[in-house]
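Note sheet for the following structure.
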There are 2 protein chains.
Amino acid sequence: MTTDEIREAEAERLRSAGLRVTEPRLAVLAVVTGSEHLDAEAVHARVGVEHPGIPLQTVYNVLGDLSAAHLLRRIEPAGSAALYERRTGDNHHHVVCTRCGAVADVDCVVGHAPCVSPSDTSGFVVHTAEVTFWGLCTSCQQGEAAA
Amino acid sequence: MTTDEIREAEAERLRSAGLRVTEPRLAVLAVVTGSEHLDAEAVHARVGVEHPGIPLQTVYNVLGDLSAAHLLRRIEPAGSAALYERRTGDNHHHVVCTRCGAVADVDCVVGHAPCVSPSDTSGFVVHTAEVTFWGLCTSCQQGEAAA
DNA sequence: CGGGTTTTTTTGAGTCATTCAAAATAACTC
DNA sequence: GAGTTATTTTGAATGACTCAAAAAAACCCG
């Protein structure tokens with residue numbers, strides 16, 4: 001696909017979500033698609049490379065709108081700012097490094113939500129199971145010995 | 001157990017964790033033991049009933065120290081402030097109401113961490129799996145129809 | 001029990017991530 | 001191209017904590 005074709009495909013996704021097609025939205029989608037698990041600041045910084053002048057507030061608005069429309073997925077691991085990623089709808093999970101905060105995707109074995117079923121849920125009707133694995137990333141495993 | 005015996009038992013737990021026995025700590029332990037999933041503000045409010053004058057900052061300090069000592073467990077569901085509970089070490093999980101934020105415990109089927117094992121962890125060494133179930137609590141299920 | 005040391009609490013300020021609101025601007029509809 | 005509504009922008013405000021220094025209280029010791 002050419003850059004223009006990708007751009008039009010994104011535009012179409014925005015339209016079918018009932019959202020207007022705007023530069024900030026296309027820019028944020030492009031940035032988040034190209035990377036994984038970025039927080040608002042990071043998205044803002046990367047968007048700024050091609051589109052200087054877009055304010056952080058706009059990035060927050062866009063991230064909020066796109067998440068609500070399920071074009072982005074938002075995760076909030078304990079202790080870090082909200083992170084955004086492009087993979088949506090497949091209910092995958094995450095590993096977070098307890099030392100440096102690095103995040104990686106972990107495929108869900110089951111593949112659809114809720115992939116784990118609780119026994120007694122105190123009357124709650126459960127629709128999703130979110131799994132966060134905590135551990136040490138490769139670089140922090142090495143740092144561990146040194147520290 | 002009498003109140004005094006409970007108090008002494010808590011004091012002993014503090015000591016063996018290498019912490020000094022202080023009124024704020026005993027008060028916070030008592031409050032969190034009696035309820036489930038309180039945030040710092042709520043703990044502060046309840047501590048204030050018996051011990052007016054203990055500042056919120058002290059509650060934050062105490063909650064931090066007790067969590068570090070594993071006398072309390074801290075959870076941070078997306079979208080809400082950090083919550084504290086007394087059950088530690090059993091790696092149980094939580095259901096959170098997407099509408100009102102209510103939290104309930106969910107026993108872990110396996111019973112020890114990590115209870116769910118990921119397949120590919122991108123080189124991370126995983127030591128814990130934290131599961132958060134999302135759904136609607138009983139009251140919000142009813143409110144749903146009305147809304 | 002009283003002095004000394006170290007931890008804890010307290011007071012007070014500061015930060016970060018995020019939200020709220022109103023005005024200005026840009027998309028889409030016709 | 002004008003009108004309507006969504007979005008962006010500007011600017012301020014908030015909530016939930018954290019940081020730091022001074023005051024106070026625990027614990028250790030003889």
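Proteins come first, then strands; the chains are lettered A, B, ... in the order of their sequence lines, and each starts at number 1.
Note: A:Thr22 OG1 to A:Leu14 CG = 7.0 Å, rounded to the nearest 0.5 Å. Atom NE2 of A:His93 and atom CZ of A:Phe133 lie 6.5 Å apart (nearest 0.5 Å). The distance from atom CH2 of B:Trp134 to atom CD of A:Glu130, rounded to the nearest 0.5 Å, is 6.0 Å. Here the CD1-CG distance, from A:Ile75 to A:Leu83, works out to 5.0 Å after rounding to the nearest 0.5 Å.
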Which pairs, protein N/O on one side and nucleotides 9-16 of chain D N/O on the other, fall under 3.5 Å?
residue : atom : partner : partner atom : Å
D:dT9   : OP2  : A:Thr58 : OG1          : 2.7
D:dG11  : O6   : A:Gln57 : OE1          : 3.2

Identify each atom pair where a protein N or O and an N or O of nucleotides 27-30 of chain D are less than 3.5 Å apart, giving names and distance.
residue : atom : partner : partner atom : Å
D:dC27  : OP1  : B:Val21 : N            : 2.7

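The CG atom of B:Asp65 sits 13 Å away from the P atom of D:dC19 (whole-angstrom rounding).
Comparing the start and finish of the helix from C:dC1-D:dG30 to C:dC30-D:dG1, five pairs each, the helix axis swings through 40°, to the nearest 10 degrees.
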Side-chain donor-acceptor contacts of residues 41-49 of chain A below 3.5 Å, not counting sequence neighbours, with atom names and distances?
residue : atom : partner : partner atom : Å
A:His44 : NE2  : A:Ile54 : O            : 2.9
A:His44 : NE2  : A:Leu56 : N            : 3.4
A:Arg46 : NH1  : A:Ser35 : OG           : 3.1

Please tabulate, for the side chains in residues 63-72 of chain A, all donor-acceptor contacts under 3.5 angstrom to protein atoms that are two or more places apart in sequence or on a different chain.
residue : atom : partner : partner atom : Å
A:Asp65 : OD2  : A:Arg25 : NH2          : 3.0
A:Ser67 : OG   : A:Leu63 : O            : 2.7

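Ion pairing between A:Glu10 and A:Arg86 holds under the 4.0 Å rule for side-chain N and carboxylate O. Salt-bridge annotation for B:Glu23 and B:Arg7: present, with a side-chain N of the basic residue lying under 4.0 Å from a carboxylate O of the acidic one. The pair B:Glu12-B:Arg15 counts as a salt bridge, with a side-chain nitrogen and a carboxylate oxygen less than 4.0 angstrom apart. Using a cut-off of 4.0 Å between Lys/Arg side-chain N and Asp/Glu carboxylate O, B:Arg87 and B:Asp90 are scored as salt-bridged. Comment: B:Glu76 engages B:Arg74 in a salt bridge, judged by a side-chain N to carboxylate O separation of less than 4.0 angstrom.
Between B:Leu56 and A:Glu23, the one whose closest nucleotide on DNA chain D sits nearer the 5' end is A:Glu23.
Using a 4.0 Å cutoff to heavy atoms of chain A, the contacted part of DNA chain C runs 5' to 3' from C:dA17 to C:dC28.
Proximity of a side-chain donor or acceptor of A:Gln141 to a complementary backbone N or O of B:Gly123 within less than 3.5 Å is detected.
A donor-acceptor pair shorter than 3.5 Å can be found between the side chains of A:Glu85 and A:His94.
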